[in-house]
Engineer: 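First, the structure itself, so that you have it in front of you.
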Amino acid sequence: MNRMRLRIAERLKESQNAAASLTTFNEIDMSALMDFRKKYKDEVLKAHDIKLGYMSAFAKACCLVLKEIPVANASIDGGDIVYRDYVDLSVAVATPKGLVTPVVRNAESMTMIEIEREIANLGKKARDGKLTIEDMAGGSFTISNGGVFGSLYGTPIINLPQAAVLGMHTIKDRPVVVDGQIVIRPIMVVALTYDHRLLDGREAVTFLVKVRDYLQDPAKMLLA
């Protein structure tokens, strides 16, 4: 095992041993967000030279909900709970040497385009092996996108000392009931693994429902 793999193994086992991990799931109808991306992606690419993906929308929705449910952005320090008035967002990136989680600093104050640009920059540094310790230190909440590899379901593991991690998965067309009619919609299953020492079930479920509601109606994020 190389040094990075050894360190990853240590961190994952530490999380498994220390956190009271529990995972809650929900489904997101991605129709509105896919339409939003289709409408603006060419304009964003032309104006900002940035490819508009789904990660920035998920990041923005999480930042808004973390303001409403601050314990999901907190951590345990001995016998104390440390709350934060900012979101340093860890974004899981797969590299040939292993999974790394570079941090988007102060994501709560960024626009979706700024978040997308920073994620792209950090992803390139990760793939080029140029990430520093500072790039990966101090995140307060993590988003992991297993959907890019085709994952349908999964329970992401908490990145201690963080309180929670959001797992995104692949988008599949599925029959769903809308207004009493069966229709085909693009559905993504999302998972929130949380530390039950900090978050109760009600808070965790509410967090995921609020994220879902923002992403099913992206314009609401402009009003928050």
Side-chain angles (χ1 to χ4, degrees), residues 11-12 14-28 33 54-93 99 101-112 114-115 118-119 122 136-147 153-169 188-218 220-221 223-224:
R11 292 276 297 164
L12 293 178
E14 178 188 358
S15 176
Q16 190 179 52
N17 291 340
S21 297
L22 191 63
T23 304
T24 184
F25 296 90
N26 217 308
E27 295 179 342
I28 298 176
L33 188 56
Y54 298 124
M55 183 65 83
S56 56
F58 275 80
K60 190 67 178 179
C62 285
C63 286
L64 292 172
V65 180
L66 287 169
K67 290 182 181 178
E68 300 179 51
I69 307 176
V71 70
N73 194 44
S75 61
I76 293 174
D77 182 8
D80 298 321
I81 299 176
V82 179
Y83 291 93
R84 299 173 177 85
D85 59 0
Y86 60 88
V87 179
D88 281 352
L89 191 66
S90 300
V91 180
V93 177
L99 190 72
T101 52
V103 178
V104 178
R105 308 286 175 188
N106 298 114
E108 84 289 344
S109 64
M110 292 183 175
T111 64
M112 285 176 59
E114 289 170 338
I115 292 171
E118 184 64 11
I119 290 173
L122 290 169
M136 294 183 283
S140 61
F141 183 86
T142 295
I143 298 179
S144 179
N145 185 5
Y153 296 96
T155 56
I157 194 165
I158 296 168
N159 185 11
L160 287 181
Q162 298 175 20
V165 51
L166 180 77
M168 300 166 58
H169 299 99
M188 178 192 287
V189 175
V190 287
L192 184 78
T193 299
Y194 59 98
D195 191 341
H196 215 331
R197 297 177 301 167
L198 278 169
L199 281 84
D200 293 328
R202 181 184 65 177
E203 294 163 321
V205 172
T206 300
F207 181 97
L208 208 50
V209 167
K210 286 179 176 289
V211 168
R212 179 202 66 190
D213 290 348
Y214 275 128
L215 294 170
Q216 290 186 162
D217 186 4
K220 284 178 63 177
M221 291 192 279
L223 303 175

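Not measured: the values here are computed from a predicted model.
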Engineer: Check whether any side-chain heavy atom of Val190 sits under 4.5 Å from a side-chain heavy atom of Phe58, and report yes or no.
Structural biologist: yes
Engineer: Could you measure the distance from the CE atom of Met55 to the SG atom of Cys62? Nearest 0.5 Å is fine.
Structural biologist: 9.5 Å
Engineer: Which heavy-atom pair separates Glu27 from Gln216 by the least distance, and what is that distance?
Structural biologist: O-OE1, 4.0 Å
Engineer: Where do Ser21 and Ile157 land on the side chain to side chain contact (heavy atoms under 4.5 Å, CB included) test, with the steps shown first?
Structural biologist: CA-CA 8 Å; Ser21 297; Ile157 194 165; 5.6 Å; no
Engineer: List the residues meeting side chain to side chain contact (heavy atoms under 4.5 Å, CB included) with Thr101, not counting sequence neighbours, and say none if there are none.
Structural biologist: Ser90, Ala92, Asn159
Engineer: Would you give the length of the straight line joining atom CD1 of Ile119 to atom CE of Met110, rounded to the nearest 0.5 angstrom?
Structural biologist: 9.0 Å
Engineer: Write down the atom of Phe141, the atom of Ala72, and the distance for their closest heavy-atom approach.
Structural biologist: CD1-O, 3.7 Å
Engineer: Go through the steps to decide whether Asn73 and Ser140 satisfy the test side chain to side chain donor-acceptor pair (under 3.5 Å), and finish with yes or no.
Structural biologist: CA-CA 6 Å; Asn73 194 44; Ser140 61; 2.7 Å; yes
Engineer: Measure the shortest side-chain to side-chain distance between Leu198 and Ile81 over non-hydrogen atoms and say whether it is less than 4.5 angstrom.
Structural biologist: yes
Engineer: Among all residues two or more places apart in sequence or in another chain, which pass the side-chain hydrogen bond (donor to acceptor under 3.5 Å, both in side chains) test with Glu14?
Structural biologist: none
Engineer: Do you know which two heavy atoms are closest between Tyr194 and Leu192, and how far apart they sit?
Structural biologist: CD2-O, 3.6 Å
Engineer: Got a sec, which residues hit side-chain hydrogen bond (donor to acceptor under 3.5 Å, both in side chains) with Thr23, two or more places apart in sequence or on another chain?
Structural biologist: Thr193
Engineer: Let me check something: any side-chain donor-acceptor pairs from residues 202-210 under 3.5 Å, sequence neighbours excluded? List them with distances.
Structural biologist:
from	atom 1	to	atom 2	distance (Å)
Glu203	OE1	Asp200	N	2.9
Thr206	OG1	Arg202	O	2.6
Lys210	NZ	Glu68	OE1	3.0

Engineer: Distance from Thr24 atom OG1 to Asn26 atom CG, nearest 0.5 Å?
Structural biologist: 7.0 Å
Engineer: Using side chain to side chain contact (heavy atoms under 4.5 Å, CB included) as the criterion, list what pairs up with Ala61, not counting sequence neighbours.
Structural biologist: Val211, Tyr214, Leu215, Met221
Engineer: Would you say His196's side chain and Leu22's backbone share a donor-acceptor pair under 3.5 angstrom?
Structural biologist: no
Engineer: Say you draw a straight line from SG of Cys63 to CD1 of Ile143; how long is it, rounded to the nearest 0.5 Å?
Structural biologist: 7.5 Å
Engineer: With sequence neighbours excluded, tell me which residues meet side-chain hydrogen bond (donor to acceptor under 3.5 Å, both in side chains) with Ser75.
Structural biologist: Arg84
Engineer: Does the Gln162 side chain pair with the main chain of Thr142, one donor and one acceptor, at a distance under 3.5 Å?
Structural biologist: yes
Engineer: Rounded to the nearest 0.5 Å, how far does CG of Leu122 lie from CZ of Arg105?
Structural biologist: 9.0 Å
Engineer: Taking all non-hydrogen atoms of both residues into account, name the closest pair between Phe25 and Gly154 and its distance.
Structural biologist: CE2-O, 3.6 Å
Engineer: Counting N and O atoms only, with roles assigned by atom type, does the side chain of Lys67 sit under 3.5 Å from a partner on the main chain of Asp85, one being a donor and the other an acceptor?
Structural biologist: no
Engineer: Who are the side chain to side chain contact (heavy atoms under 4.5 Å, CB included) partners of Ser109, not counting sequence neighbours?
Structural biologist: Asn106
Engineer: Tell me, please, which residues at least two apart from Ala18 pass side chain to side chain contact (heavy atoms under 4.5 Å, CB included).
Structural biologist: Leu160
Engineer: What are the two closest non-hydrogen atoms of Ala20 and Asp195, and how far apart are they?
Structural biologist: N-OD1, 3.2 Å
Engineer: Please give me the minimum heavy-atom distance between Ala19 and Ile158, naming the atom from each residue.
Structural biologist: CB-CD1, 4.2 Å
Engineer: Check whether Glu108 reaches the backbone of Val87 with its side chain - one donor and one acceptor, N or O, closer than 3.5 Å.
Structural biologist: yes
